[in-house]
Amino acid sequence: MNVVIIGTGYVGLTTGAALAYLGHRVTCVDRDPAKLELLYKKKSPIHEHGLEELMALTGRNLHFTCRVQEAVADADVVLIAVGTPSKSNGEADTQYVEAAAREVAEGFVPGRLYNLVIKSTVPIGTNRRVSQVVKRVLSGRGMGDNTAVLVVSNPEFLREGRALRDTLYPDRIVVGAERPEGVDILRRLYQRILEQTFDPPPFLPRPEGYNLPPLVSTDPTSAEMIKYAANAFLALKISFINEIAGLCEKVGADVTEVARGMGLDPRIGSPFLAAGLGWGGSCFPKDTAALLAMGEEHGYTMPIVAACREVNLRQRYRVVEKLQEALKGVRGRVVGVLGLAFKPGTDDVRESPALDVVRILAERGAHVRVHDPVALANAQRALEGLEVEFFQDPYALAQGAEALVLATEWPEYRHLDLDRLAGMMRTPVLVDGRNLFDPKEAGRAGWTYLGVGR
């Protein structure tokens with residue numbers, strides 16, 4: 001099929017590379033000249049495991065351009081995968097989705113059937129809104145009667161750092177369409193994924209025991225809600241275990257053992273039960289805020305989602321308070337923060353809990369040093385204006401410091417030499433914001449160890 005994808009962020013570029021690898025002819029559209037310069041060379045502008053390697057395997061199937069109308073004229077499927085940032089009231093801003101839809105409609109030619117797919121995470125009713133936007137453009141061009149456009153919802157469920165794995169081996173594919181033809185075209189688009197009839201990339205083998213993913217077909221409104229509800233529930237699991245962690249500290253329990261015992265119950269499951277600094281990134285903060293905004297719009301309160309967000313924000317301050325108590329105040333102290341990305345496996349620092357900790361420490365007068373394996377450049381832009389020192393080497397960061405905060409659980413940090421680090425510190429205090437280290441091992445190395453819920 002001839003596929004056009006508007007937007008080359010995590011969703012657009014990952015989806016485009018995967019579909020091209022599966023044999024579709026894919027054209028990804030972006031307006032950023034610097035990003036396009038990299039893409040023309042099959043270089044990824046984002047850090048995502050295996051993405052450049054997969055792009056190299058797509059041959060002549062993957063193309064990039066800045067010309068929307070040229071690209072969409074003979075497309076079978078057009079996917080919109082642009083950002084929907086939060087407005088000041090928490091509502092998702094769909095202006096970029098609507099602008100993309102208008103520009104796409106300007107490129108449609110008479111006498112064709114087009115399938116316009118919304119992959120961006122959008123508020124309830126956006127599919128209806130986009131349908132009207134497209135109809136107005138076509139009507140203004142005198143094409144309202146002889147050009148058909150099916151608008152379909154196809155929310156993504158990709159995890160940054162594992163986006164390719166989630167694309168090629170998904171848990172499910174959700175399609176929201178008013179007409180069965182919309183479901184059929186997406187079934188064709190994803191056929192080789194649904195049937196797993198492709199040869200896995202050598203660096204991304206098919207998971208052992210993986211079953212064929214179901215295609216969930218529903219109406220567009222339900223498809224839009226599935227995405228929001230799924231993300232809110234995952235965020236809730238993290239906030240729940242963080243709330244339990246606070247009580248564990250009061251009564252002397254270990255939250256890692258509590259989470260292990262809980263997770264063995266198949267009704268609960270172990271994923272997303274890791275206590276720590278809480279969640280961040282481009283999805284959970286934005287989507288929970290959008291749910292609250294949608295509820296308010298309809299006069300419906302959502303106290304569970306609201307509490308979920310409150311608990312998540314509190315975690316940043318709880319970790320800093322541990323440091324305050326251990327050091328008898330952080331003003332004038334040299335504190336190193338290990339990890340800046342919102343989670344390991346990505347260079348994305350959007351809504352990162354680590355950056356919040358850095359900001360709180362800086363506001364309270366600490367001298368803050370930071371390190372991250374891949375996200376330093378993005379963090380420098382995000383922290384511009386703060387007095388923060390950026391280090392390429394965690395051992396250099398630790399030299400003469402009075403405390404370390406483990407903020408992102410990069411695998412590289414698990415293998416740090418704790419004895420060597422402790423010997424370089426002025427006072428070896430370790431606040432393990434992700435419960436990455438063994439407290440006994442840290443204690444043997446001379447650290448004052450402070451975990452979350454331990």
Only pairs under 3.5 Å count here: list side-chain donor-acceptor contacts from residues 371-379, not counting sequence neighbours, and write none if there are none.
unit_1 : atom_1 : unit_2 : atom_2 : d
H371   : ND1    : Y413   : OH     : 2.7
H371   : NE2    : Q392   : O      : 3.3
D372   : OD1    : V374   : N      : 2.9
D372   : OD1    : A375   : N      : 2.8
D372   : OD2    : L340   : N      : 2.7
D372   : OD2    : A341   : N      : 3.1
D372   : OD2    : W410   : NE1    : 2.9
N378   : OD1    : R381   : NH2    : 2.3
N378   : ND2    : D347   : O      : 2.7

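- For the pair Y114 and T147, the minimum side-chain heavy-atom distance is below 4.5 Å.
- The environment of OH in Y210 is crowded: more than 12 heavy-atom neighbours from other residues, nucleotides or ligands sit within 6.0 Å.
- A distance of 6.5 Å separates CG in L54 from CG in L168, rounded to the nearest 0.5 Å.
- The two residues V368 and A362 have their closest heavy-atom pair at CG2-N, 4.0 Å.
- To the nearest 0.5 Å, atom CZ of residue R369 and atom CG of residue L338 are 11.5 Å apart.
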Scan the side chains in residues 270-281 for donor-acceptor partners under 3.5 Å anywhere in the protein, sequence neighbours excluded, and list what turns up.
unit_1 : atom_1 : unit_2 : atom_2 : d
W279   : NE1    : A235   : O      : 3.1
W279   : NE1    : S239   : OG     : 3.1
W279   : NE1    : N312   : OD1    : 3.4

Given R314 and E310, is the salt bridge (charged side-chain N to carboxylate O under 4.0 Å, His left out) satisfied, shown in steps?
CA-CA 6 Å; R314 184 175 68 180; E310 291 169 10; over 6 Å; no
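- Note: L13 CG to L38 CG = 10.5 Å, rounded to the nearest 0.5 Å.
- Contact record, V97 with T126: CG1-CG2, 4.5 Å, taken as the closest heavy-atom pair.
- Once rounded to the nearest 0.5 Å, the distance linking CG of L234 with CZ of R159 reads 9.5 Å.
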Show every donor-acceptor pair shorter than 3.5 Å between a side-chain atom in residues 80-92 and any protein atom, with sequence neighbours excluded, or say none if there are none.
unit_1 : atom_1 : unit_2 : atom_2 : d
T84    : OG1    : T121   : O      : 2.7
T84    : OG1    : K286   : NZ     : 3.2
N89    : OD1    : E91    : N      : 3.0

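- Taking the side chain to side chain donor-acceptor pair (under 3.5 Å) definition, one finds that R67 meets it with nothing, sequence neighbours left out.
- For the pair Y40 and T65, the tightest heavy-atom approach, listed with the atom from each and the gap, is OH-CA, 4.2 Å.
- In terms of the side chain to side chain donor-acceptor pair (under 3.5 Å) criterion, residue partners of D287 (sequence neighbours excluded) are, by chain and number, N231.
- Rounding to the nearest 0.5 Å places NE2 of H24 at 10.0 Å from CD1 of I5.
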For a salt bridge (charged side-chain N to carboxylate O under 4.0 Å, His left out) check, start with the C-alpha distance between K42 and E52, then their side-chain angles and the critical distance, and finish with the verdict.
CA-CA 7 Å; K42 297 288 180 75; E52 283 193 359; over 6 Å; no
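- In this structure, Y169 OH and R162 CZ are separated by 12.0 Å, a value rounded to the nearest 0.5 Å.
- Geometric assessment of R414 against the ring of F437 yields a negative cation-pi assignment under the 6.0 Å and 45° thresholds.
- Scanning for side chain to side chain donor-acceptor pair (under 3.5 Å) contacts around R165 gives an empty result, with sequence neighbours left out.
- Between the side chains of Y10 and T346, a donor-acceptor pair is found at a separation under 3.5 Å.
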